[in-house]
Amino acid sequence: MMVNKKNQIVVIGAGPAGCAAAIQLKRYGLEVILIDRDKIGGLVRNANFVENYLGFPKGISGVEFCYTLEEHLKHLEVETVKDEIVSLDWDKSQDEFIAKSKKNQYNCQYLVIATGTKPRRMNLKGEEELWKNGLLFYEPAKMLEKLFFNKKIAIIGSGDAAFDYAINLANRENHITIITRTKDYKSLPLLVKRATDNKLSTIKPNQVIKEFSAKKEKEEIHPIVKTKSKDEIVSDFILVAVGRDPNHLPSEVKLDKFIKDKRLFFIGDLVSENNRQISIASGHGIRCAMDIAKEILNI
């Protein structure tokens with residue numbers, strides 16, 4: 001049986017953008033519910049260290065930052081729900097949006113979508129099978145939940161994320177091999193230096209991945225990265241970090257007409273392209289909340 005819940009404002013996505021919007025809306029005294037299918041924090045949970053967000057001069061780990069978001073929401077008594085929205089629609093007769101999960105239906109007059117990004121897959125042979133068997137990952141937070149130590153981990157990618165993930169996993173005494181397509185990296189030099197200064201991390205440049213496979217040794221299955229130069233890189237686990245794409249929800253496109261009426265908002269990494277920064281996402285959330293408050297409260 002589907003449960004129908006009515007709220008003035010629904011925010012979907014509890015990363016920095018969604019949290020900032022919900023917190024500011026709550027401060028205006030407006031009725032808001034924050035929905036996310038996973039833990040509070042979004043992509044930040046993957047970060048090894050956040051050191052460019054104001055107010056944390058010594059930096060803060062991604063996980064710790066997510067805890068601060070949770071505490072902030074609890075302190076202001078923002079209603080949060082762990083649920084996965086699977087469709088969006090508009091009820092013309094009731095003049096409201098409808099966000100549905102498998103068990104619940106959320107009706108609201110104002111809808112904020114802050115669903116962020118999803119990791120890009122390489123779509124190579126063997127990739128799906130390794131992922132299903134828990135040997136290949138796209139998010140380091142999922143790996144850290146399993147408390148990996150002293151494992152051989154191959155990371156594919158050359159951007160900030162790949163090198164930051166390498167530092168994060170090497171801090172757990174894992175042995176990291178970063179595999180890049182070229183000898184030039186897209187990452188911040190600071191992250192490259194930190195990753196390479198760590199004796200547990202090495203880089204294999206100029207490697208074009210051809211496919212993935214696996215082999216069994218002593219009752220354990222080891223994934224293999226096969227390159228076009230016929231190299232085979234054997235590890236315990238593989239982490240793919242080759243980019244991210246907007247995480248759009250089903251049916252959201254047909255609701256675009258409500259943007260001009262300031263009833264529907266897309267914020268944060270979902271619309272920031274490659275400008276994925278906590279400060280930018282938070283700013284989106286605050287501005288969105290202020291726009292909604294102006295419409296409802298006439299301020």
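The pair Lys58-Glu51 fails the salt-bridge criterion, with no side-chain N (NZ, NE, NH1 or NH2) lying under 4.0 Å from an Asp/Glu carboxylate O. Salt-bridge annotation for Lys142 and Asp38: present, with a side-chain N of the basic residue lying under 4.0 Å from a carboxylate O of the acidic one. Under a 4.0 Å N-O distance rule, the pair Arg244/Glu139 qualifies as a salt bridge. Salt bridge annotation for Glu145-Lys39: present, with a cationic side-chain nitrogen under 4.0 angstrom from a carboxylate oxygen.
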- Please report the C-alpha distance between Val234 and Lys215 in whole Å, then the side-chain angles of each, then the deciding distance to 0.1 Å, and finally whether the side chain to side chain contact (heavy atoms under 4.5 Å, CB included) criterion is met. CA-CA 9 Å; Val234 182; Lys215 68 177 181 179; 4.0 Å; yes

- Task: Could you go through the ring-ring contact (aromatic ring centres under 6.0 Å, His included) check for Phe258 and Phe97 one step at a time?
- Result: CA-CA 10 Å; Phe258 295 101; Phe97 296 101; 5.2 Å; yes

- Audit row: His72, Leu76, side chain to side chain contact (heavy atoms under 4.5 Å, CB included) steps and yes/no: CA-CA 6 Å; His72 202 154; Leu76 293 180; 3.9 Å; yes

- Determine, stepwise, if the pair Gln109 / Asp95 fulfils side chain to side chain contact (heavy atoms under 4.5 Å, CB included). CA-CA 7 Å; Gln109 288 76 49; Asp95 190 37; 6.0 Å; no

- Query: Leu239 and Tyr165: side chain to side chain contact (heavy atoms under 4.5 Å, CB included), yes or no, with the steps?
  - Reply: CA-CA 9 Å; Leu239 176 60; Tyr165 296 170; 3.7 Å; yes

- Message: Under the criterion salt bridge (charged side-chain N to carboxylate O under 4.0 Å, His left out), I'd like the reasoning laid out for Glu127 against Lys125: C-alpha separation, chi angles, the key distance, then a yes or no.
- Response: CA-CA 6 Å; Glu127 181 178 358; Lys125 181 180 177 181; over 6 Å; no

- Task: Give the intermediate values and the outcome of salt bridge (charged side-chain N to carboxylate O under 4.0 Å, His left out) for residues Lys26 and Glu31.
- Result: CA-CA 7 Å; Lys26 185 71 175 183; Glu31 182 188 350; over 6 Å; no

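A donor-acceptor contact shorter than 3.5 Å links the side chain of Asn171 to the backbone of Ile167. No donor-acceptor pair closer than 3.5 Å links the side chain of Ser282 to the backbone N or O of Ser279. Put simply, the side chain of His284 gets close to the backbone of Gly268: a donor and an acceptor are under 3.5 Å apart. For the pair Asn198 (side chain) and Leu200 (backbone), a donor-acceptor distance under 3.5 Å is present. Between the side chain of Asn46 and the backbone N or O of Ala141 there is at least one donor-acceptor pair closer than 3.5 Å. A side-chain donor-acceptor contact under 3.5 Å links Asp164 to the backbone of Asn48. Ser272 contributes no side-chain N or O that, together with a main-chain N or O of Arg276, makes up a donor-acceptor pair within less than 3.5 Å.
Looking at Leu34 and Leu73, their side chains come closer than 4.5 Å, going by heavy atoms from C-beta outward. Within the 4.5 Å cutoff, no side-chain heavy atoms of Leu88 are placed close to those of Ile98. No side-chain heavy atom of Val271 sits under 4.5 Å from any side-chain heavy atom of Pro246. For the pair Val112 and Ile292, the minimum side-chain heavy-atom distance is below 4.5 Å. In this structure the side chain of Leu169 never reaches within 4.5 angstrom of the side chain of Phe148, judged on heavy atoms. At a threshold of 4.5 Å between non-hydrogen side-chain atoms, the residues Thr180 and Gln207 do not count as touching. Counting heavy atoms from C-beta on, the side chains of Ile259 and Phe266 come closer than 4.5 Å. Taking the side chain as every heavy atom from C-beta outward, Val225 and Ile238 approach each other to under 4.5 Å.
Between Leu30 and Gln8, the closest heavy-atom pair is CD2-OE1, 3.9 Å. For the pair Ala114 and Ala17, the tightest heavy-atom approach, listed with the atom from each and the gap, is CB-CB, 4.3 Å. For the residue pair Ala214 and Ile224, the shortest heavy atom distance occurs at C-CD1, 4.1 Å.
Residues meeting the side-chain contact (heavy atoms from CB on, under 4.5 Å) test with Leu69, sequence neighbours left out: Cys19, Ile40, Phe65.
Residue Arg120 qualifies as enclosed at atom CZ: its count of foreign heavy atoms under 6.0 Å is above 12. Within 6.0 Å of CD in Glu128 there are more than 12 heavy atoms belonging to other residues, nucleotides or ligands. Crowding of Glu173 atom CD: a count of heavy atoms from other residues, nucleotides or ligands under 6.0 Å not exceeding 12. Atom OH of Tyr67 has 12 or fewer neighbouring heavy atoms from other residues, nucleotides or ligands inside a 6.0 Å radius. Around the NZ atom of Lys262, the shell of radius 6.0 Å holds no more than 12 heavy atoms that belong to other residues, nucleotides or ligands. The environment of CD in Glu232 is crowded: more than 12 heavy-atom neighbours from other residues, nucleotides or ligands sit within 6.0 Å. Residue Arg287 places its CZ atom among 12 or fewer non-hydrogen atoms of other residues, nucleotides or ligands, all under 6.0 Å distant.
For the atom pair Leu135 CG and Ser235 OG, the distance stands at 8.5 Å (nearest 0.5 Å). The CD atom of Glu96 lies 7.5 Å from the SG atom of Cys108; values are rounded to the nearest 0.5 Å. For the atom pair Cys66 SG and Arg45 CZ, the distance stands at 4.0 Å (nearest 0.5 Å). To the nearest 0.5 Å, the span separating CG on Asn206 from OG on Ser229 amounts to 9.0 Å. Taking CZ of Phe163 as the reference point, atom CZ of Arg194 lies at 13.5 Å (rounded to 0.5 Å). For the atom pair CE (Met143) and CZ (Phe237), the distance works out to 6.5 Å, reported to the nearest 0.5 Å.
Under the 4.5 Å side-chain contact rule for hydrophobic residues, Tyr53 and Phe49 do not share a cluster. Under the 4.5 Å side-chain contact rule for hydrophobic residues, Ile296 and Ile23 share a cluster. Under a hydrophobic clustering in which Ile, Leu, Val, Met, Phe, Trp and Tyr are joined whenever their side-chain heavy atoms come within less than 4.5 Å, directly or via other members, Ile278 and Ile280 fall into different clusters. Under the 4.5 Å side-chain heavy-atom criterion for grouping Ile, Leu, Val, Met, Phe, Trp and Tyr, Val242 is connected to Ile209 within one hydrophobic cluster. Ile113 and Tyr110 are not part of a single hydrophobic cluster, where members link through side-chain heavy atoms under 4.5 Å apart.
Of the candidates Asp36, Asp83, Leu249, Ile12 forms a side chain to side chain contact (heavy atoms under 4.5 Å, CB included) with just one, namely Leu249.
There is no side-chain donor-acceptor pair under 3.5 Å between Asn107 and Asp91.
Cation-pi geometry between Arg263 and Trp90 is not satisfied (NZ or CZ under 6.0 Å from the ring centre, within 45° of the ring normal).
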Atom pairs and distances, side-chain donor-acceptor, residues 150-158, under 3.5 Å, sequence neighbours left out:
{"from": "Asn150", "atom 1": "OD1", "to": "His175", "atom 2": "NE2", "distance (Å)": "3.0"}

Compile the donor-acceptor pairs under 3.5 Å between side chains in residues 181-192 and protein atoms, sequence neighbours left out, one pair per line.
{"from": "Thr182", "atom 1": "OG1", "to": "Asp184", "atom 2": "N", "distance (Å)": "3.3"}
{"from": "Thr182", "atom 1": "OG1", "to": "Asp184", "atom 2": "O", "distance (Å)": "2.8"}
{"from": "Ser187", "atom 1": "OG", "to": "Asp160", "atom 2": "OD1", "distance (Å)": "3.3"}

